[in-house]
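A short write-up of the structure that comes next.
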Amino acid sequence: HRPGQFFVDSSLGYSDECCLVCCSGSCTRALWCPSFQKGQQENPSPPAQRRPRRTRPFVPPAARRFQSRRRGLDSLLDQIKSSGVMVVGTSATNAPWESIDADGNYVGYDMDLINEIASRMGVEVQIEDMAFDALVAAVQTGKVNVAIASMGAKEERKEKVDFTQMYHQQMNVYIAQKDSDISIANMEDIAAYNVGVQSGTLPDQYITGLVDAGKMKDSQVSRYEAPENMILDLEAGRIDLVAGDKNQAKVFEGMYNVKIIYECSFFGTGENIAVPKNQPELLGELDGILDDLREEGFLDELALKWEVD
């Protein structure tokens with residue numbers, strides 16, 4: 001019997017068979033029983049209470065192994081190089097930056113860039129495709145190591161993740177139906193129309209700012225997870241204008257009955273790679289490689305290849 005268990009012991013010689021013994025280590029201590037006969041006090045004290053056993057939260061073996069690996073590595077950069085794989089988040093619905101070709105391959109400016117960066121780090125790339133507005137959370141929670149998706153380093157995002165240096169200057173546009181007579185003289189003129197934006201993007205942030213400032217109503221804004229859907233709604237006349245990225249809009253001009261009617265830069269920002277907070281080694285590694293790629297003319301070659309302004 002284990003300490004703390006109770007059981008019937010008929011060998012004690014008591015006339016009542018319900019007498020109990022506590023296995024407190026010696027198995028000789030009889031608990032109080034009203035039928036005790038010879039040599040027992042009328043009201044003996046009950047046995048002292050045992051101190052509760054201290055328990056630790058259960059941690060599955062796989063989690064313990066993961067914790068051990070993390071303790072043995074000093075930084076995320078070490079982990080990436082040790083595993084030989086960099087897990088990269090993207091949203092592959094944004095040609096020419098990132099999309100999926102007919103053979104199921106991830107292609108585009110950003111895809112060429114991140115593969116070149118990984119090659120120089122001596123690791124392979126594992127792509128995790130998801131909605132654009134899920135990317136920051138994926139970096140923040142460790143679902144991916146980094147994210148690249150023509151993403152600007154806006155202040156709201158910088159509160160949650162860090163960003164590399166800018167690898168391309170971003171330009172924004174307003175898009176209308178090809179036969180539209182809508183005229184835009186300045187950025188805020190868009191407040192007079194029903195507008196479509198891709199959720200979580202810089203154009204979404206700018207238009208939301210107009211709503212927050214009371215310059216347009218939220219009912220005028222339609223937000224889309226897939227940019228193709230907002231272009232289809234524009235063609236169908238369900239919205240008047242789309243606010244988006246210039247290079248993406250140039251692709252849409254060749255595929256749909258739409259045209260660019262105004263160019264601008266909402267925040268004067270560009271494209272950056274998102275990195276988890278407090279990972280200076282990884283951030284420094286990426287920035288150093290971007291410096292080399294810029295000096296070597298690699299970024300200019302990518303811009304020509306993918307016709308990115």
Side-chain angles (χ1 to χ4, degrees), residues 56-94 97-100 104-168 200 269-296 298-299 302:
R56 297 179 180 177
F58 175 72
V59 180
R64 289 199 296 270
R65 289 193 296 271
F66 176 74
Q67 291 172 352
S68 298
R69 289 198 300 270
R70 287 186 63 90
R71 285 194 295 268
L73 298 170
D74 296 330
S75 69
L76 180 56
L77 177 61
D78 290 331
Q79 295 176 46
I80 291 171
K81 290 192 173 183
S82 176
S83 68
V85 177
M86 180 162 60
V87 183
V88 178
T90 195
S91 184
T93 58
N94 187 26
W97 299 102
E98 44 270 327
S99 60
I100 302 174
N105 300 312
Y106 292 99
V107 297
Y109 182 110
D110 284 343
M111 298 295 94
D112 283 356
L113 175 58
I114 200 64
N115 277 293
E116 180 64 23
I117 289 173
S119 175
R120 297 189 182 211
M121 291 172 63
V123 300
E124 297 179 353
V125 168
Q126 176 184 321
I127 295 294
E128 294 291 334
D129 189 18
M130 64 191 72
F132 182 86
D133 56 5
L135 288 170
V136 169
V139 173
Q140 190 178 23
T141 60
K143 182 177 181 180
V144 299
N145 301 141
V146 301
I148 185 168
S150 63
M151 183 183 293
K154 66 181 186 180
E155 291 304 316
E156 177 185 337
R157 294 172 185 155
K158 288 166 69 174
E159 294 176 0
K160 302 174 181 177
V161 297
D162 287 334
F163 286 95
T164 64
Q165 61 174 283
M166 189 187 307
Y167 60 83
H168 181 267
T269 58
E271 281 74 31
N272 310 74
I273 301 172
V275 180
K277 285 281 189 183
N278 304 314
Q279 293 295 337
E281 298 87 357
L282 178 58
L283 190 62
E285 179 95 350
L286 297 177
D287 276 339
I289 294 174
L290 287 173
D291 281 337
D292 293 341
L293 294 177
R294 183 173 288 104
E295 291 176 7
E296 295 168 14
F298 182 85
L299 298 181
L302 280 186

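Bear in mind that the values here come from a model prediction, so they are computed numbers and not experimental data.
- The main-chain N or O of L299 is never found under 3.5 Å from a side-chain atom of R294 such that the two would form a donor-acceptor pair.
- To the nearest 0.5 Å, atoms CG (L286) and CD (Q279) are separated by 11.0 Å.
- Between the side chain of E281 and the main chain of L77, no donor-acceptor pair closer than 3.5 Å is present.
- Of all heavy-atom pairs between A149 and S91, the closest is CB-N, 4.1 Å.
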| message | Does Y106 form a side-chain contact (heavy atoms from CB on, under 4.5 Å) with D129? I'd like the steps, not just the answer. | response | CA-CA 9 Å; Y106 292 99; D129 189 18; 3.5 Å; yes

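- At distances below 3.5 Å, at least one donor-acceptor pair connects side-chain atoms of N145 with backbone N or O atoms of V87.
- Judged by distance alone, with hydrogens and angles left aside, the side-chain atoms of S150 form no donor-acceptor pair with the main-chain N or O of E271 at under 3.5 Å.
- Around the NZ atom of K160, the shell of radius 6.0 Å holds no more than 12 heavy atoms that belong to other residues, nucleotides or ligands.
- Annotation: side chain of L293 is in contact with side chain of I117 (closest heavy-atom distance under 4.5 Å).
- For the side chain to side chain contact (heavy atoms under 4.5 Å, CB included) with V146, the lone residue among T90, I80, L282, T164 that qualifies is L282.
- Other residues, nucleotides and ligands contribute over 12 non-hydrogen atoms within 6.0 Å of the NZ atom of K154.
- Side chain of N272 to backbone of G152: no donor-acceptor contact under 3.5 angstrom is found.
- Annotation for L135 and G89: closest pair CD2-C, 3.6 Å, computed over non-hydrogen atoms.
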| request: Take L290 and L113 through the side-chain contact (heavy atoms from CB on, under 4.5 Å) test and state the conclusion after the steps. | output: CA-CA 9 Å; L290 287 173; L113 175 58; 4.1 Å; yes

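- Here the CD1 atom belonging to I289 is positioned 10.5 Å from the CD atom belonging to E296, to the nearest 0.5 angstrom.
- For the residue pair D133 and G200, the shortest heavy atom distance occurs at CB-CA, 4.1 Å.
- Relative orientation of the Y167 and Y109 rings is parallel, given thresholds of 30° and 60° on the angle between their planes.
- The backbone N or O of N115 sits nowhere less than 3.5 Å from a side-chain atom of S119 that would complete a donor-acceptor pair.
- At a threshold of 4.5 Å between non-hydrogen side-chain atoms, the residues F163 and K158 count as touching.
- Counting heavy atoms from C-beta outward, E98 and F132 have side chains that stay 4.5 Å or more apart.
- Between the side chain of D287 and the backbone N or O of Q165 there is at least one donor-acceptor pair closer than 3.5 Å.
- Using a 3.5 Å distance cut-off with no hydrogens or angles, the side chains of E128 and Q126 do pair a donor with an acceptor.
- Applying side chain to side chain contact (heavy atoms under 4.5 Å, CB included) to M151 and the options V161, V139, T269, V136 leaves one that passes, V136.
- Here the CZ-CZ distance, from R120 to F298, works out to 7.0 Å after rounding to the nearest 0.5 Å.
- Here the straight-line distance linking atom CE of M130 with atom OG1 of T93 works out to 12.0 Å at 0.5 Å rounding.
- Under the 4.0 Å criterion applied to side-chain N and carboxylate O atoms, K81 and E285 are assigned as salt-bridge partners.
- Side chain of S82 to main chain of D78: no donor-acceptor pair is present (N/O by atom type, distance under 3.5 Å, no hydrogens or angles).
- Between S99 and V107, some side-chain heavy-atom pair lies under the 4.5 Å cut-off.
- By the 4.5 Å heavy-atom criterion applied to side chains, V88 and I148 are counted as neighbours.
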